[in-house]
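Here is the structure we will look at, set down as structure tokens.
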Amino acid sequence: KVFHDALVAFAERRIITMGKLILCAGSLAKEPLHFVLTDTCVYSLEELGYYLYHNIYTITMDTFDETFFRWVELELKRPDLSEKWFNILQENQDLKELIISILGATDYFTKLEIESLIKVIDQINGLLPVQRRKMEGDNCLRYGDFDKALQVYKDILVSDDASVLSAKEYGNILHNIGVIHAQMRSFERAQREFVRAYSLNQEEESLREYLLLLRLQNKEKEFMQAVLEYDISEEKVQEYNGAFEQMLADAEKTREYRKIKGLPALKESGKVGDYYYTIDTMIFNWKQQYKHGICLLYTSPSPRDISGS
């Protein structure tokens with residue numbers, strides 16, 4: 001996930017990043033600036049601008065903390081910019097001017113690109129506080145910080161601001177809570193949230209995730225009851241079943257699945273040590289993944305409204 005996959009040409013300091021060739025005129029940092037949410041590292045002023053431009057929905061006031069300004073001053077050896085940007089933030093308490101100043105310092109973006117970004121920032125600034133809070137939760141969910149996302153969503157739903165949410169917006173938050181529970185393999189909770197979400201947002205995606213979770217748990221009777229209750233057409237049932245079978249087929253191609261399928265052969269061949277070592281290793285890895293909220297399902301439930309709306 002590291003942003004900086006660098007090929008340094010000493011003459012021009014060219015950096016190949018995400019399929020683009022960026023000419024870096026300034027210093028390259030020995031130690032990167034790490035953006036925790038996206039687990040991304042940047043090593044230059046140009047990469048910083050590129051990251052901000054393409055991840056604008058994740059940028060908040062907290063992004064520009066003491067660590068940021070010290071990195072610019074010490075690693076990029078630009079105390080002038082560090083002081084300038086610090087003063088902009090202190091005087092205006094507005095991200096727009098600061099981000100525009102950073103992008104301008106890179107000399108990488110065109111005037112049209114910067115104007116386009118300004119429009120996006122203005123749209124973000126025009127959001128209600130509860131919508132900005134939801135956007136924060138959506139970003140945490142997108143990048144796998146499920147614990148924080150869940151807390152943000154719960155805080156929204158118990159706050160006074162929840163009263164300004166439309167039924168669809170409220171339902172979409174419930175949908176995303178369902179996604180979190182599904183990713184954490186709390187399937188019963190996930191089912192309830194998807195059902196509640198669908199009752200409010202009337203989005204097919206919420207109903208689809210509910211039905212796929214039933215299939216995932218082999219709850220065929222409940223699946224057929226849901227088909228009748230929600231008056232789902234035969235065509236849609238076939239579509240959902242086809243999607244589920246494809247997901248299972250994809251799962252069988254994964255490395256973890258092949259390891260599990262190979263366990264009986266290890267034991268039967270007398271490689272008992274390898275057998276138990278493989279099991280212990282897999283269980284350990286699953287525990288670590290569970291703690292960090294990155295256990296994925298075959299069904300890959302989809303978050304709603306990640307754009308922050």
Side-chain angles (χ1 to χ4, degrees), residues 57 130-131 133-154 156-157 162 165-254 256-257 286 289-290 293-309:
Y57 287 105
V130 68
Q131 292 173 320
R133 193 82 170 112
K134 180 181 180 297
M135 188 171 67
E136 178 187 357
D138 291 347
N139 284 323
C140 291
L141 175 54
R142 174 193 288 170
Y143 293 106
D145 191 348
F146 297 143
D147 286 338
K148 185 173 181 180
L150 184 59
Q151 189 59 55
V152 170
Y153 291 141
K154 285 183 175 180
I156 291 174
L157 296 183
L165 295 172
S166 66
K168 181 176 180 178
E169 289 172 328
Y170 199 104
N172 287 345
I173 291 177
L174 293 176
H175 177 103
N176 287 358
I177 291 176
V179 170
I180 294 170
H181 286 311
Q183 298 284 20
M184 299 295 289
R185 302 187 181 185
S186 299
F187 297 147
E188 293 292 340
R189 290 184 180 181
Q191 286 176 211
R192 290 196 296 270
E193 299 301 343
F194 286 135
V195 170
R196 292 177 64 202
Y198 182 69
S199 70
L200 292 171
N201 64 16
Q202 291 296 295
E203 293 282 356
E204 183 189 344
E205 188 67 27
S206 297
L207 182 59
R208 176 181 183 273
E209 303 300 356
Y210 168 60
L211 292 170
L212 289 177
L213 273 180
L214 293 178
R215 286 297 318 274
L216 181 65
Q217 299 171 86
N218 294 319
K219 295 183 176 180
E220 300 301 331
K221 184 177 179 180
E222 290 185 39
F223 177 84
M224 293 310 302
Q225 288 174 342
V227 168
L228 295 174
E229 179 181 352
Y230 293 104
D231 193 24
I232 300 172
S233 68
E234 180 62 27
E235 181 181 0
K236 278 295 179 183
V237 172
Q238 291 179 1
E239 177 186 325
Y240 294 157
N241 284 335
F244 180 73
E245 295 302 326
Q246 183 59 52
M247 291 168 186
L248 290 184
D250 291 341
E252 291 177 0
K253 298 175 185 177
T254 64
E256 289 293 296
Y257 185 87
W286 288 339
Q289 290 172 345
Y290 188 85
I294 57 174
C295 296
L296 301 180
L297 298 176
Y298 299 146
T299 51
S300 300
S302 306
R304 293 294 306 171
D305 289 343
I306 286 297
S307 63
S309 59

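Sequential numbering from 1 along the given sequence is applied to the chain's residues. Only heavy atoms go into these numbers, but all of them, side chains included; no hydrogens, no water, no symmetry mates. Computed from a predicted model, the values in this text were never measured in an experiment.
- The closest side-chain heavy-atom distance from E234 to V227 is not below 4.5 Å.
- For N139 (side chain) and Y57 (main-chain N/O), a donor-acceptor pair under 3.5 Å exists by modelled atom type.
- Contact of the I180 side chain with the D147 side chain is not registered, since no non-hydrogen atoms from C-beta on lie closer than 4.5 Å.
- Distance CG/L211 to CG/L216: 12.5 Å, rounded to 0.5 Å.
- Note: L207 CG to L212 CG = 9.5 Å, rounded to the nearest 0.5 Å.
- Looking at every heavy atom in both residues, S206 comes nearest to F194 through O-CB, 3.7 Å.
- Taking CD from Q131 and CE from M135, the interatomic distance works out to 9.5 Å, rounded to the nearest 0.5 Å.
- The shortest distance between side-chain heavy atoms of L150 and H181 falls below 4.5 Å.
- The backbone N or O of R189 sits nowhere less than 3.5 Å from a side-chain atom of S186 that would complete a donor-acceptor pair.
- A heavy-atom distance below 4.5 Å is found between the side chains of K236 and E204.
- With sequence neighbours excluded, no residue satisfies side chain to side chain donor-acceptor pair (under 3.5 Å) with K154.
- To the nearest 0.5 Å, atom CG of residue L174 and atom CZ of residue R196 are 4.5 Å apart.
- In this structure, E209 and V179 have side chains that are not in contact, with every pair of non-hydrogen atoms separated by 4.5 Å or more.
- Atom CD1 of I232 and atom CD of Q238 lie 13.0 Å apart (nearest 0.5 Å).
- Applying the side chain to side chain donor-acceptor pair (under 3.5 Å) test to R215 and every residue at least two apart in sequence or in another chain returns E220, N241, E245.
- Take F223 and apply the ring pair (Phe, Tyr, Trp, His ring centres under 6.0 Å) test, not counting sequence neighbours, and it matches no residue.
- By the side chain to side chain donor-acceptor pair (under 3.5 Å) test, Q246 is found to be paired with D250, residues two or more places apart in sequence or in another chain being considered.
- Evaluation of the side-chain contact (heavy atoms from CB on, under 4.5 Å) rule for Q217 yields F187, E188, Q191, L213, K219 as partners, not counting sequence neighbours.
- Proximity of E205 to H175: side-chain heavy atoms (C-beta onward) are separated by under 4.5 Å at one or more points.
- Looking at heavy atoms from C-beta onward, E203 lies out of side-chain contact with R208 at the 4.5 angstrom threshold.
- To the nearest 0.5 Å, the span separating CG on L141 from NZ on K134 amounts to 9.0 Å.
- Shown here are the side-chain contact (heavy atoms from CB on, under 4.5 Å) partners of V195, two or more places apart in sequence or in another chain: Y210, Y230.
- The shortest distance between side-chain heavy atoms of D138 and V152 does not fall below 4.5 Å.
- Heavy atoms only, all atoms of each residue included: G137 and A149 are closest at O-CB, 3.5 Å.
- Side-chain contact of Y153 with N176: a donor-acceptor pair under 3.5 Å is present, judged by distance alone.
- The side chain to side chain contact (heavy atoms under 4.5 Å, CB included) test with I156 singles out one residue from R133, E136, Q151, and that residue is R133.
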